[in-house]
Colleague: 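Structure incoming, see below.
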Protein chains: 2
Amino acid sequence: MTSQDVILGLLMHHSLSGYDMKHKMETILSYFNNASFGTIYPTLSKMEKEELITKQSVIQEGRPNKNVYSITEKGREQFKTYMYSPVEDNEFKSDAMTRLFFGEFVEKDVIVGVLEEYLQRTKGHMERLSKLYVECQPEMSHSQEICIQIGINNSESQIRTLTQGIVRLKNLAEK
Amino acid sequence: MTSQDVILGLLMHHSLSGYDMKHKMETILSYFNNASFGTIYPTLSKMEKEELITKQSVIQEGRPNKNVYSITEKGREQFKTYMYSPVEDNEFKSDAMTRLFFGEFVEKDVIVGVLEEYLQRTKGHMERLSKLYVECQPEMSHSQEICIQIGINNSESQIRTLTQGIVRLKNLAEK
DNA sequence: GGACACATGTAACAAGTTACATGATTAA
DNA sequence: TTAATCATGTAACTTGTTACATGTGTCC
């Protein structure tokens, strides 16, 4: 799965500008994907050359002009090829968990701090997802609902585990 | 957090060869980290030049010789600097979830297939973690226990969500 | 005979990040 | 006036992956 596949997926519904795509990636796709402008714009240029998408320049008043991209028939085929290809493994990398793993080499307070920050971030993450779910549920597909439920339920589970972990570590420190 | 920080952490306890490190990353660190030989060996060379680690060649019989690396005082300081630095956000990328998100553009069976494979992989993942927990619990630190519990509990939660999702999608297909 | 574990290393390549460059409008 | 939103794009850099190259011993 590359950024190209995600862009093709986004264009299956509507035509979008690079800026719009970035916004979608930061909201509805953010919990299992990410891409910066430095990835999006060069990828769009490449895809246009390969005739997977076409560009239309839209002149706007009071705003910068924008390039709106649409998917071509060739692009739709490419997207199908992706959707039928073997599923790749998830990629996960956690700095917070790495610190927990090596926690024995620093003071307990530092680790409690890591846990508390991780908990706050997870709570924020879950709130954003829950809000998104409430807002977008009417227009969501069935598999999109499953997708966001995975995100919400995993966050909930993580909040529970972290909360318990903090209590246990703190008790240990007092004794 | 770079591979360097992880390598320093691994060397805080024992001296290790690059091959040993790869093994650790594939087992006890695998659920929040990963690195290939193509990353490990060049990083070790770089770290040796920077005097964060030292190399000792060990001649073995019936096996290839190996280079065993030990952390230096400078390396320990560098490791502490890492452990006290601001915690970076988790990185997560999921091909399976991307396909769920764009599931409306393919047949329901394809999505059920994605869900079932994702479920099987998650089950396998959880079994490996549970086994690891049972095997290593005696020598695990408190924060390491929290770390692996996060992994196990998140997997459990994901198994539940996926199982429910499969049932719901399948019922929908029958109607 | 074949696969796997042990063991190290490089080179080519892919992918993505960060920072820079530009610039108008709008709201606090 | 300061920040945010809208809007695109490039260049340098970092990081990591895959594949190749090499070779022995052990187990089935």
Side-chain angles (χ1 to χ4, degrees), chain A residues 1-8 10 15-27 29-30 32-50 53-69 82 86 88-95 98, chain B residues 1-8 15-27 29-30 32-50 53 55-69 82 86 88-95 98:
Chain A
M1 178 197 51
T2 60
S3 297
Q4 219 188 60
D5 300 315
V6 177
I7 289 173
L8 288 174
L10 286 173
S15 298
L16 293 168
S17 68
Y19 192 84
D20 294 334
M21 292 177 200
K22 178 76 185 342
H23 185 251
K24 296 239 176 204
M25 297 208 192
E26 277 176 349
T27 52
L29 295 168
S30 67
F32 55 86
N33 199 279
N34 60 67
S36 60
F37 284 127
T39 303
I40 293 170
Y41 289 123
T43 304
L44 288 173
S45 301
K46 203 190 95 201
M47 289 169 79
E48 202 199 347
K49 268 178 216 145
E50 290 170 9
I53 55 175
T54 55
K55 178 168 79 179
Q56 295 127 277
S57 292
V58 175
I59 289 133
Q60 298 187 116
E61 279 172 43
R63 285 181 180 185
N65 299 340
K66 62 179 176 181
N67 299 327
V68 175
Y69 292 91
Y82 160 64
E88 285 164 45
D89 277 327
N90 287 347
E91 271 168 53
F92 181 58
K93 191 180 260 191
S94 174
D95 188 19
T98 303
Chain B
M1 180 196 52
T2 60
S3 298
Q4 217 188 62
D5 300 315
V6 177
I7 289 174
L8 288 173
S15 298
L16 293 167
S17 68
Y19 192 85
D20 295 335
M21 293 178 199
K22 178 75 187 339
H23 185 249
K24 296 238 174 203
M25 297 207 192
E26 277 176 348
T27 52
L29 295 168
S30 67
F32 55 86
N33 200 277
N34 59 67
S36 60
F37 283 128
T39 303
I40 293 170
Y41 289 122
T43 304
L44 287 173
S45 301
K46 204 190 95 201
M47 289 168 78
E48 202 199 346
K49 269 178 215 145
E50 290 171 8
I53 56 175
K55 178 168 81 179
Q56 296 127 277
S57 292
V58 176
I59 291 132
Q60 298 187 117
E61 278 172 43
R63 284 181 180 183
N65 298 340
K66 61 179 175 180
N67 300 327
V68 174
Y69 293 91
Y82 159 65
E88 285 165 44
D89 278 327
N90 288 347
E91 272 168 53
F92 181 59
K93 191 179 261 191
S94 174
D95 188 20
T98 303

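Reckoned from all heavy atoms, side chains included, excluding hydrogens, waters and symmetry mates. Residue numbers begin at 1 in each chain, while the letters A, B, ... track the order of the sequences.
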Colleague: Below 4.0 angstrom from OP1 or OP2 of dG9(C), is there any side-chain N or O of Asn67(B)?
Modeller: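 Looking at the OP1 and OP2 atoms of dG9(C), one of them is under 4.0 Å from a side-chain N or O of Asn67(B).
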
Colleague: Nearest heavy-atom pair of Ser17(B) and Lys66(B): which atoms, and what distance?
Modeller: CB-CD, 4.2 Å

Colleague: Kindly give the atom pairs (protein nitrogen or oxygen, nucleotide nitrogen or oxygen) under 3.5 Å for nucleotides 13-17 of chain C.
Modeller:
unit_1: dG16(C); atom_1: OP1; unit_2: Ser3(A); atom_2: OG; d: 3.4
unit_1: dG16(C); atom_1: OP1; unit_2: Lys93(B); atom_2: NZ; d: 3.2
unit_1: dG16(C); atom_1: OP2; unit_2: Ser3(A); atom_2: OG; d: 3.4
unit_1: dT17(C); atom_1: OP1; unit_2: Asn34(A); atom_2: OD1; d: 3.2
unit_1: dT17(C); atom_1: OP2; unit_2: Ser36(A); atom_2: N; d: 3.4
unit_1: dT17(C); atom_1: OP2; unit_2: Ser36(A); atom_2: OG; d: 2.9
unit_1: dT17(C); atom_1: OP2; unit_2: Thr39(A); atom_2: OG1; d: 3.0

Colleague: Check the distance between dA7(D)'s P and His23(A)'s NE2 and give it to me in whole angstrom.
Modeller: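 So the two atoms are 11 Å apart, to the nearest Å.
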
Colleague: Please pick, from dG23(D), dC6(D), dG9(D), the nucleotide with the shortest atom-to-atom distance to any side-chain atom of Pro64(B).
Modeller: dG23(D)

Colleague: Roughly, in whole Å, what's the span from CE in Met47(B) to P in dT15(D)?
Modeller: 13 Å

Colleague: Under 4.0 Å between any heavy atoms, over every strand shown, what does Ser17(A) touch: base, sugar-phosphate, or nothing? Just pick one.
Modeller: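 Counting heavy atoms under 4.0 Å across all strands, the contact made by Ser17(A) is with sugar-phosphate only.
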
Colleague: Look at the aromatic rings of Phe92(A) and Phe92(B) and report parallel, tilted or perpendicular, splitting at 30° and 60°.
Modeller: perpendicular

Colleague: Can you see whether Phe37(B) has Lys22(B) sitting over its ring - NZ or CZ less than 6.0 Å from the centre and within 45° of the normal?
Modeller: yes

Colleague: Whole angstrom is fine here: how far is it from OH in Tyr41(A) over to P in dA7(D)?
Modeller: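 In whole Å, dA7(D) P and Tyr41(A) OH are 9 Å from each other.
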
Colleague: To the nearest 0.5 angstrom, please state how far the OG atom of Ser3(B) sits from the CG atom of Leu44(B).
Modeller: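 Reported to 0.5 Å precision, the distance equals 10.0 Å.
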
Colleague: In whole angstrom, give the distance that lies between atom CD of Glu91(A) and atom P of dG16(D).
Modeller: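 In whole Å, dG16(D) P and Glu91(A) CD are 12 Å from each other.
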
Colleague: Does a side-chain heavy-atom distance below 4.5 Å link Thr98(A) with Asp5(B)?
Modeller: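 They are not in side-chain contact.
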
Colleague: Ile40(A) CD1 to dC6(D) C1': how many Å, rounded?
Modeller: 14 Å

Colleague: State, with a plain yes or no, whether a side-chain heavy atom of Val6(B) is found less than 4.5 Å away from one of Asn33(B).
Modeller: yes

Colleague: Just the rounded figure in Å: distance from P of dA5(C) to CG of Asp20(B).
Modeller: 15 Å

Colleague: Given side chains that start at C-beta, do those of Leu10(A) and Met25(A) come closer than 4.5 Å, heavy atoms only?
Modeller: yes

Colleague: Could you give the OH-to-P distance, from Tyr69(A) to dA7(D), as a whole number of Å?
Modeller: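 My rounded result for the distance is 14 Å.
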
Colleague: Figure out the NZ/P separation between Lys22(A) and dA4(D), and round it to whole Å.
Modeller: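 After rounding, the gap between these two atoms is 14 Å.
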
Colleague: Could you check which of dC6(D), dT8(D), dG9(C) has an atom nearest any side-chain atom of Lys55(B)?
Modeller: dG9(C)

Colleague: Nearest to the Gln60(A) side chain among dC6(D), dT10(C), dT8(C), which nucleotide is it?
Modeller: dC6(D)

